[in-house]
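Every chain is numbered from 1 and lettered A, B, ... according to where its sequence line falls, protein lines coming before strand lines.
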Number of protein chains: 2
Amino acid sequence: MTETRPPKAAPDASRRSERSRRAIFDAALALVSEAGYAKTTIEGIAARAGVGKQTIYRWWPSKAAVLLDAFLDLAARANEAARRKDAHGGEGASEIPDTGDLAADLRHVLRATVDELNDPAFDGPTRALAAEGIVDPELGARFTEALLEPQLQYYVRRIEAAQAKGDIDPGTDPRVAVELLVGPLHHRWIHRTLPLTHAYADTLVDLALRGLAPRD
Amino acid sequence: MTETRPPKAAPDASRRSERSRRAIFDAALALVSEAGYAKTTIEGIAARAGVGKQTIYRWWPSKAAVLLDAFLDLAARANEAARRKDAHGGEGASEIPDTGDLAADLRHVLRATVDELNDPAFDGPTRALAAEGIVDPELGARFTEALLEPQLQYYVRRIEAAQAKGDIDPGTDPRVAVELLVGPLHHRWIHRTLPLTHAYADTLVDLALRGLAPRD
């Protein structure tokens, strides 16, 4: 069996599958956060989730695959939580809002990122995976492709919309513009140099938008 | 014995000490790069360096202490190499040159950083240590304090000099200005999202300096 998602089945079986899937994700994230990537095993995840090892192997081919899905699920839930308390709205699952006020929209999303990075439930496993991706090029590439790059593309689309409106210099590469916003935030988080605050997020948006403004 | 540096002694003994110290640093950096931080041991370093375990324990109290010194030494040598091929000069060991042309000085140092991060001899051990620092707060704090923070302070001083000359907005926190320059570079390196090039370094300097320019 090589399915990578719980099978569709009768309601009761489906609910049981969903409960197992949730338990497996929770166990995987907790273990990687506590013990690190290298020491997290399929056996350990199964034991902690209270399921058989074969249940995990039926749905995922490897430890990396379980963790990747657990992370995508964590990100989706964080996103959903942010949307529920979100006054902005926004048109897609994780699209950056476009209220017409670029600075306000970017402050909004960078502040939400600050909140996420300051949340221990997110910080622990994210650090563990980031650390592993730094030294393991193959795993790093998979996480960058599946998790990081889609997030950066939300910014790219918001920057492109701003360029079309004349709010950002049309000659600037939108992708580089995004790195100017998220790079400093990430640097401060990953090296724990100074506190990650909303005020810092606001300052970054202010400085970056000055740098990206249309040129005379 | 709790000395942390080879003892001063007769010339022959001193040369032998220096050779051992160099062999220990090379072995430590090679091992951490190949096997990762967790699997690097004092025993392994000693075996690879061809010295007794006691030689290492005589000079350093722990694995972290050896690696920290090995890194400081690596950074000092990279710095020295950059200075030898450096047309700029510069007043201190690692001070950023002040030729009066802020953009040129920053391009110079960011391009040198790009070269360093693209050098496998530097990239491997730096990734291993960065990864460990991300998940181990205590080790991370030591490396940030001993290695990263001093480097950031070189930038801070150059930014402060530029503020004094009126090249940079006096109301901007110099430390945040530095993060705007090095954060994006670091983000691209650590996640291997896109190539690290001199052109990218130049673009970052251009965008950051626009963001940091004096306000009307």
| remark: Note: vs chain B, highest number of non-hydrogen pairs under 4.5 angstrom among A/Gly133, A/Gly124, A/Pro137 is A/Pro137
| query | Which residues in residues 183-202 of chain A have any heavy atom lying under 4.5 Å from a heavy atom of chain B? | reply | A/Gly183, A/Pro184, A/His186, A/His187, A/Arg188, A/Ile190, A/His191, A/Arg192, A/Thr193, A/Leu194, A/Tyr200
| How far does CD1 of A/Ile134 sit from OG1 of B/Thr126, to the nearest 0.5 angstrom? | 11.0 Å
| Got a salt bridge between A/Asp136 and B/Arg127, using NZ or NE/NH1/NH2 to carboxylate O under 4.0 Å? | no
| request: Under 4.5 Å, counting heavy-atom pairs only, tell me which of B/Val182, B/Asp206, B/Leu212, B/Leu204 racks up the most with chain A. | output: B/Asp206
| Top residue by heavy-atom pair count (under 4.5 Å) with chain A, among B/Glu145, B/Glu132, B/Arg175? | B/Arg175
| field | Residues of residues 28-36 of chain B near chain A, each having a heavy atom less than 4.5 Å away | value | none
| query | For the candidates B/Leu181, B/Asp169, B/Val135, B/Leu180, which exhibits the highest count of non-hydrogen atom pairs separated by less than 4.5 Å from chain A? | reply | B/Leu180
| task | Using a cut-off of under 4.5 Å on heavy-atom pairs, state which of B/Asp123, B/Val178, B/Thr144 scores highest against chain A. | result | B/Thr144
| said: Does any backbone or side-chain atom of A/Leu209 lie under 4.5 Å from a heavy atom of chain B? Answer side chain, backbone, both or neither. | reply: neither
| message | Quick check for you: to the nearest 0.5 Å, what is the distance between A/Thr172 atom OG1 and B/Leu207 atom CG? | response | 5.5 Å
